[in-house]
Amino acid sequence: MSEQLVQYGVSEIGDGPMNLGSGLPIEVVQENQRTFFKKKGYVDLKIKQAELAQGNKVKNVSSGSPEIIKDCDGLATIESNLILMVTMADCMPVWIFDTSQEMFGIFHVGWRGLTGGILVNG
């Protein structure tokens with residue numbers, strides 16, 4: 001197995017809105033995201049963001065997937081050149097890494113997703 005490095009980050013209010021549902025134009029939100037990740041040193045990585053559904057769906061993504069992944073609350077991939085992104089308010093983030101499949105993911109876990117089995121679906 002190859003050596004893998006999984007990193008995570010959490011933005012703060014000063015980084016600007018990251019949420020697709022913030023009411024701002026999507027271009028402004030995506031620019032906030034790019035600026036945040038650039039400050040963290042992630043320049044050449046592709047951002048894949050879940051457009052939250054407040055449920056239990058997890059989608060596998062790749063570099064060919066759209067930037068905004070609709071109707072899900074979890075993202076998973078085997079590709080190392082991606083930034084997987086979910087936003088939080090009163091829910092919790094859960095990061096996973098499966099060493100046997102060299103797969104990682106991030107889940108937006110609210111009560112609906114938790115009781116609906118999002119952690120099992122991933």
Could you tell me whether K57 atom NZ has more than 12 heavy atoms of other residues or ligands within 6.0 Å of it?
no

Starting from W95, can I reach L52 by hopping between I/L/V/M/F/W/Y residues whose side chains sit under 4.5 Å apart?
yes

For V29 against S22, the heavy-atom pair lying closest together:
CG2-OG, 3.5 Å

Give the other cluster members for I13, using side-chain heavy-atom distances under 4.5 Å between Ile, Leu, Val, Met, Phe, Trp and Tyr residues; answer none if it is isolated.
none

Between L84 and the options I47, I69, V61, the side-chain contact (heavy atoms from CB on, under 4.5 Å) test singles out V61

What residues form a side-chain hydrogen bond (donor to acceptor under 3.5 Å, both in side chains) with Q54, not counting sequence neighbours?
none

If you take all heavy atoms of E79 and S62, which pair is closest and at what distance?
OE2-CB, 2.9 Å

If I compare all heavy atoms of L75 with all of K48, which pair ends up nearest, and what's the gap?
CD1-O, 3.2 Å

Check for me, please, whether V86 and F104 land in the same ILVMFWY cluster - side-chain distances under 4.5 Å, paths through other members count.
yes

Calculate, to the nearest 0.5 Å, the distance between atoms CD and CG belonging to E27 and N32 respectively.
12.0 Å

When rounded to the nearest 0.5 angstrom, what is the spacing between OG in S11 and NZ in K40?
9.0 Å

In this structure, would L20 and F37 fall into the same cluster of hydrophobic residues linked by side-chain contacts under 4.5 Å?
no

Are I83 and I78 in one and the same hydrophobic cluster, where Ile, Leu, Val, Met, Phe, Trp and Tyr link if side-chain heavy atoms are under 4.5 Å apart?
no

Please walk me through it: do V109 and D73 pass side chain to side chain contact (heavy atoms under 4.5 Å, CB included)?
CA-CA 7 Å; V109 181; D73 286 273; over 6 Å; no

Show the nearest heavy-atom pair for residues F107 and I96, with the distance to one decimal.
CZ-CD1, 3.7 Å

Using a strict threshold of under 4.0 Å (side-chain N to carboxylate O), is an ion pair present between K39 and D15?
yes

Can Y42 be reached from M18 by stepping across I, L, V, M, F, W or Y side chains whose heavy atoms are under 4.5 Å apart?
yes

Do you know the tightest heavy-atom contact between S63 and L82?
CA-CD2, 3.8 Å

Just one of Q30, Q49, Q33 clears the side chain to side chain donor-acceptor pair (under 3.5 Å) bar with E67, so which one?
Q30

Could you walk me through whether D71 and K59 pass side chain to side chain contact (heavy atoms under 4.5 Å, CB included), step by step?
CA-CA 9 Å; D71 192 35; K59 293 193 178 176; 4.2 Å; yes

Heavy atoms of H108 and I118 approach each other most closely as O-CD1, 3.8 Å

